[in-house]
Number of protein chains: 2
Amino acid sequence: MLTIDVKSRKPIYEQIIDNIKELIIQGVWSRDTQLPSVRQLAGDLAINPNTIQKAYSELERQGIIYSMKSKGSFVASGVDELRKERKEQLFKEFGRILEEMREIGITSREIEERLQEQWKGVQND
Amino acid sequence: MLTIDVKSRKPIYEQIIDNIKELIIQGVWSRDTQLPSVRQLAGDLAINPNTIQKAYSELERQGIIYSMKSKGSFVASGVDELRKERKEQLFKEFGRILEEMREIGITSREIEERLQEQWKGVQND
DNA sequence: GAAGTGTACTAATTGAGATAGTACAACTAA
DNA sequence: TTAGTTGTACTATCTCAATTAGTACACTTC
């Protein structure tokens, strides 16, 4: 379910945060789904429980999950907000890339072509 | 000309590498332009000469610049390749983002609109 | 010869991230 | 009741990449 790359430049606890957010956005975990316990997940991923704790704390601080002593940690509402947030994030990044493409002299024609190419065979519009 | 952010997660020497590549791509520095000396740049940026040396070494390894003992460091050819490389990089990133947008349910219509928005007032195609 | 080049070392420092270990309060199930 | 599991808190230590500090050498230029 969750995977990490110890060699990545991105810290493990951030990978876990992103990973969990992704699972929620994808709908794999829905509201009130119980997350693996700190110790359980630490065991599965073969990393230190403190690292998991750090990820969970941050997720709770962001309102993504909620934790109850001696009960466990669970997915908070936030799915729609999470989707919206990611959407804004993507558009922002999208804009940044377009900007750089423009600077380097890539034409809108080229981009349109690439867009068509990528979207072919997909009927979501 | 060159700026760095010591607080960035990206190492200083990498920032310098990217910074110099950018200057070349933008045409600010052309072939055989002499780069600031290791000590000079270190002084300007208020960082250690070894860090500059590390950046220059990597740039030379990549064939972006060439260095001559007691002469200095200079821009190598590579401008076109650099542009091409960046272009491919951008399209790759572009594709990655489109993919993620599709996964999250953003329509091609939305993207088209964003594209028009960003490209308005620009006549390069 | 003095100043400035790239280059090559070794040693020390820094700081974020991760680990190790222990402990406590509260809930659950046997 | 008791054993096991939960989140949480805390300190100490380790690790590793990045950076700094300092010195030195060979060479060019003026």
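- In this structure, B:R109 does not pair ionically with B:E112, as no charged nitrogen and carboxylate oxygen lie closer than 4.0 Å.
- Taking atom CD1 of residue B:I4 and atom C1' of nucleotide D:dT20, one finds them 13 Å apart after rounding to whole Å.
- What separates CD of A:Q40 from P of D:dT5 is a distance of 10 Å, to the nearest Å.
- Across the interface with DNA chain C, nearest-nucleotide mapping of B:Q34 and B:R9 shows B:Q34 to be the residue nearer the 5′ end.
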> Taking it one step at a time, do A:Q62 and A:K21 satisfy side-chain hydrogen bond (donor to acceptor under 3.5 Å, both in side chains)?
Replying inline: CA-CA 11 Å; A:Q62 292 182 19; A:K21 280 186 180 177; 3.0 Å; yes
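- A:R39 contributes a side-chain N or O that forms a donor-acceptor pair with the base of D:dG7 under 3.5 Å.
- Under the 4.5 Å side-chain heavy-atom criterion for grouping Ile, Leu, Val, Met, Phe, Trp and Tyr, A:Y56 is not connected to A:Y66 through any hydrophobic cluster.
- Between B:K10 and B:D18 there is a salt bridge, with a side-chain nitrogen of the basic residue lying less than 4.0 Å from a carboxylate oxygen of the acidic one.
- Within residues 11-20 of chain A, no residue places a heavy atom under 4.0 Å from DNA chain D.
- For the contact set between residues 46-59 of chain B and DNA chain D, defined by any heavy atom under 4.0 Å, the members are B:I47, B:N48, B:N50, B:T51, B:K54.
- Rounded to a whole Å, the CG atom of B:L41 is 12 Å from the P atom of C:dT5.
- Between B:S67 and the phosphate of C:dT7, there is a side-chain N or O to OP1/OP2 separation shorter than 4.0 Å.
- Comparing B:K10 and A:M68 by the nucleotide of DNA chain D that holds the closest heavy atom to each, the one mapping nearer the 5' end is A:M68.
- A search for ring-ring contact (aromatic ring centres under 6.0 Å, His included) contacts involving B:Y13 returns nothing, not counting sequence neighbours.
- Here B:E14 contributes atom CD and B:I12 contributes atom CD1; the two are 11.5 Å apart, rounded to the nearest 0.5 Å.
- At the phosphate of D:dG7, OP1 or OP2 sits under 4.0 Å from a side-chain N or O atom of A:S73.
- Placement of B:I65 and B:V79 within a single hydrophobic cluster is found when ILVMFWY residues are connected by side-chain heavy-atom separations under 4.5 Å, directly or transitively.
- With rounding to whole Å, B:K7 atom NZ is found 15 Å from C:dG15 atom C1'.
- In this structure, B:S37 does not reach the C:dG4 phosphate: none of its side-chain N or O atoms is under 4.0 Å from OP1 or OP2.
- For the pair B:L45 CG and D:dT19 P, the interatomic distance rounds to 12 Å; values are reported in whole Å.
- We find that B:E58 and B:R61 are joined by a salt bridge, their nearest charged nitrogen and carboxylate oxygen being less than 4.0 Å apart.
- Using a 4.0 Å heavy-atom cutoff across all strands shown, B:K71 reaches sugar-phosphate atoms only and no base atom.
- The pair A:E81-A:R86 does not count as a salt bridge, with every side-chain nitrogen at least 4.0 angstrom from each carboxylate oxygen.
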